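Data first, discussion second: the structure below is written as structure tokens.
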Amino acid sequence: MKVRCRFAPSPTGHVHIGNMRAAIYNWLYARHHGGAFLLRVEDTDRERSTPEAVQTVLDAMTWLGLDVDEPALYQSTRREAHLAAAERLLQSGHAYKLDKGGTGKGEAVLFRMPGRDMSFHDEIKGELHKGAADLPDFVIVRSDGNPVFHLANVVDDLAMDITHVIRGDDHVENTYRHVALFEALDARPPTYAHLPMIVNAQGKPYSKRDGAAFVGEFQEQGYLAEALFNYLVLLGWSPGDDREVMPRTEIVERFSLDRVQAKPAQFDMKKFLWMNNEYIQRAPEAEWTARFRAAFPEATDDAYLEHVIALMKPRVKVWADIAGAAYFFRETFPIDHDALRKRLEPAGTRERVAALRDRFAALASFDAAALEAELRALAEAAGLKPADLIHPVRLAVSGQAGGPSLFHLLEVLGRDVVLRRLDRLGGF
RNA sequence: GCCCCCAUCGUCUAGAGGCCCAGGACGCUAGGUUCUCAUCCUAGUAACACCGGUUCGAAUCCGGUUGGGGGUGCCA
């Protein structure tokens, strides 16, 4: 039988990384087995399930490259099917009406559990059991006539011909109900796999308070989709050897549910940042160019841009870091005043920088080697360490305490810009 | 409270009775490279939760304890 997996989010306006990991695992399982990956939008909460909220889910999936094989099924269109199933269960004696709790709100439809101990196989946790006493009947249609999640979920999985349900740990206990529902509907339940949760440093469910928790935030902050994909896959699964940074094709090839952990995993921002860096450094040149152009529309000189990228690349860990290269393109850029003050402190520094400026102005060729020779010569003549000149010059031209090799930086900026910024030092 | 699940370095994990006085990665620390920052290189640090069994032999099997997580809705 062909594998059919699904991702069934309720659109809330945000896509939590825990949900996205479930989507990724479903996608991987389907792709590994040459099956189908489907999307079901559980949009029965009309308040929150706005078109924008649905679009957020779609965007997140597109960004991470989770392609869907069939048109999405919107649960809100399925109400009649859900109610028909309830009616069928009523007819077959698997359900009954009751004013549960005597609320006076009218009668709800309750599903009659089998009244025996139950068990099911979980691909991650193994054989799970529960006693009949802990499996009470439950509502499948509210007294207001609306179907409940459990009913809708099972009826839709049936309609979509789902073979494997890979979802969060919070659904483990629901699974007994779902299995019973499938059986009462004369259907074979799908295979289940419950993923442990993603937790924070305190072991509690990872939330927005712990940092970026939604897919959209990672995208906005300049992380790479492939890095997030790779990191999320490794959060609870490993291929069994020491491979970590893997191309997607390899992950698809090696993925299996039996290597998924049964315990919660902590999201480690440090390691994710490392992972992101692995990917960003390998990003195609065209991507780097596009990112720089987007950040600095004034970058029109291709050769110049190429030089800047070469200098900045190892210092960019997240696309947002590109903003730190502003001094290459603009005359107004952030200045680290504390560092500048400190570097200008030693007596005579300004004068020596001014002298250096004049020497730079007179240079026959404004290249890194010549600049370095000139600066070192002046430093030696003044009885200083090269660093005593390098730091103030760096602050003067870039506003920053750190950055690319100074002499290459100066060469790329060019004589005019460098001289102007050194002159400007007098104003500080 | 009751039910279910889980338990290897700080973190993510390898390990399915001897290959493990436990391996890799991130982190951290110390060196190296260097004009700074980042990168890079080298080394180091650090774990089988605890107590009992089973066995010639246990991180691996069993029981208990402790700790953690999930569930316990006419929410999803």
Side-chain angles (χ1 to χ4, degrees), chain A residues 8-10 12 42 44-45 48 75 98-101 103 105-110 122 124-126 128-131 133-136 138-150 152-153 167-176 194 196-199 201-205 231-245 258-259 261-275 277-278 281 311-317 321 324 339 343 371-372 375-376 379 385-395 398 400-409:
Chain A
S10 5
T12 61
E42 306 211 326
T44 48
D45 180 344
R48 298 206 289 179
Q75 196 159 64
L98 176 74
D99 178 7
K100 193 185 174 204
T103 58
K105 283 191 286 185
E107 292 189 315
V109 179
L110 273 78
D122 185 291
I124 295 168
K125 298 177 180 300
L128 266 21
H129 311 269
K130 204 154 182 103
D134 296 309
L135 296 167
F138 60 98
V139 173
I140 53 176
V141 180
R142 287 187 261 280
S143 52
D144 65 6
N146 286 316
V148 165
F149 161 75
H150 304 295
N153 197 269
R167 61 194 351 180
D169 240 359
D170 47 337
H171 286 300
V172 175
E173 306 289 322
N174 290 334
T175 306
Y176 296 97
H194 289 91
M197 322 219 86
I198 293 178
V199 300
Q202 288 70 244
K204 302 294 180 189
Y231 182 75
L232 249 21
V233 166
L234 253 27
L235 208 55
W237 176 84
S238 82
D241 53 26
D242 295 333
R243 294 279 290 157
E244 294 202 308
V245 180
D258 57 14
R259 296 202 59 84
Q261 293 284 346
K263 63 173 179 188
Q266 193 172 312
F267 191 93
D268 183 358
M269 201 58 206
K270 290 253 184 63
K271 182 151 187 174
F272 172 56
L273 201 56
W274 164 79
M275 178 75 77
N277 193 44
E278 291 291 308
Q281 296 305 327
L311 289 180
M312 289 302 293
K313 205 169 176 179
R315 273 157 270 263
V316 172
K317 286 175 173 285
D321 292 340
R343 292 301 181 186
L371 289 160
E372 178 161 11
L375 183 142
R376 287 184 186 281
K385 285 180 294 187
D388 294 330
L389 283 174
I390 287 170
H391 291 302
V393 171
R394 174 186 298 287
L395 263 315
S398 76
Q400 298 177 15
S405 155
L406 179 69
F407 307 109
H408 292 91
L409 169 60

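From a predicted model like this one, the values you see are computed outputs, not experimental measurements. Letters go in sequence order (proteins before strands), and every chain restarts at 1.
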Restricting to nitrogen or oxygen on both sides, can you table the protein-nucleotides 45-47 of chain B pairs closer than 3.5 Å?
none

In whole Å, measure the gap between the [atom1] atoms of [N] and [M] for me.
| N | M | atom1 | value |
| --- | --- | --- | --- |
| B:G63 | B:U29 | C1' | 42 Å |
| B:U66 | B:C50 | C1' | 7 Å |
| B:U11 | B:G27 | C1' | 8 Å |
| B:C61 | B:A38 | C1' | 50 Å |
| B:G52 | B:A47 | C1' | 22 Å |
| B:G23 | B:U45 | C1' | 16 Å |
| B:A59 | B:C9 | C1' | 13 Å |

Partner of [N] by Watson-Crick or G-U wobble geometry, both contacts under 3.5 Å, or none?
| N | answer |
| --- | --- |
| B:G1 | B:U72 |
| B:C9 | none |
| B:G18 | B:C56 |

Which one, [options], comes nearest to the side chain of [X]?
| X | options | value |
| --- | --- | --- |
| A:His391 | B:A76, B:C3, B:C35 | B:C35 |
| A:Lys100 | B:G73, B:G71, B:A76 | B:G73 |
| A:Ala262 | B:C6, B:C26, B:A76 | B:C6 |

TODO: Determine the minimum heavy-atom distance between A:Ile124 and A:Gln261, stating which atoms define it.
DONE: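 That closest heavy-atom pairing would be CG2-O, 3.6 Å.
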Task: Atom of A:Gly403, atom of A:Arg315 and distance for their closest heavy-atom approach - done: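 Looks like O-NH1, 3.3 Å.
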Categorize [X] for me: base, sugar-phosphate, or nothing, with a 4.0 angstrom heavy-atom threshold over every strand shown.
| X | answer |
| --- | --- |
| A:Pro205 | sugar-phosphate |
| A:Asp99 | base |
| A:Leu128 | sugar-phosphate |
| A:Val172 | nothing |
| A:Met197 | sugar-phosphate |
| A:Gly126 | nothing |
| A:Arg167 | nothing |
| A:Glu42 | sugar-phosphate |

Closer than 4.0 Å, any side-chain N/O of [X] to the OP1 or OP2 of [N]?
| X | N | answer |
| --- | --- | --- |
| A:Arg394 | B:C37 | no |
| A:Lys204 | B:G69 | yes |
| A:Arg315 | B:U36 | no |
| A:Lys317 | B:U39 | yes |
| A:Arg142 | B:A76 | yes |

Without decimals, in angstroms, what is the distance between [X] [atom1] and [N] [atom2]?
| X | N | atom1 | atom2 | value |
| --- | --- | --- | --- | --- |
| A:Asp388 | B:C35 | CG | P | 13 Å |
| A:Tyr176 | B:G71 | OH | C1' | 11 Å |
| A:Asp122 | B:G70 | CG | C1' | 13 Å |

Open item on the list: Taking A:Leu234's backbone N and O only, do any of them form a donor-acceptor pair with A:Ser238's side chain (distance below 3.5 Å, no angle check)?
Closed with: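 No.
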Open item on the list: Given 3.5 Å as the limit, does a donor-acceptor pair link the side chain of A:Asp134 with the main chain of A:Lys130, or not?
Closed with: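 Judged by distance alone, no pair lies under 3.5 Å.
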Task: Gap separating the CZ atom of A:Arg394 from the CZ atom of A:Phe407, nearest 0.5 angstrom - done: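 Answer for the CZ-CZ pair, A:Arg394 versus A:Phe407, is 9.0 Å.
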Quick one: which protein N/O atoms are closer than 3.5 Å to N/O atoms of nucleotides 10-14 of chain B? Pair and distance per line, please.
unit_1	atom_1	unit_2	atom_2	d
B:C12	OP1	A:Gln266	N	2.9
B:C12	O2'	A:Leu234	O	3.0
B:U13	OP1	A:Gly236	N	2.8
B:U13	O3'	A:Ser238	OG	3.3
B:U13	O3'	A:Gln261	NE2	3.2
B:A14	OP1	A:Ser238	OG	3.3
B:A14	OP2	A:Gln261	NE2	2.6
B:A14	O3'	A:Arg259	NH2	3.4

- [ ] Indicate the ring-plane relationship of A:Phe267 and A:Tyr231, choosing parallel, tilted or perpendicular according to the 30° and 60° boundaries.
- [x]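 Taking A:Tyr231 first and then A:Phe267, their aromatic rings stand perpendicular (interplane angle over 60°).
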Open item on the list: Counting only heavy atoms not in A:His408 (residues, nucleotides, ligands), do more than 12 fall under 6.0 Å from its NE2?
Closed with: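 Not buried by this count: 12 neighbours or fewer within 6.0 Å.
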TODO: Ignoring hydrogens and angles, answer whether the base of B:A76 and the side-chain atoms of A:Asn174 contain a donor-acceptor pair closer than 3.5 Å.
DONE: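 Present.
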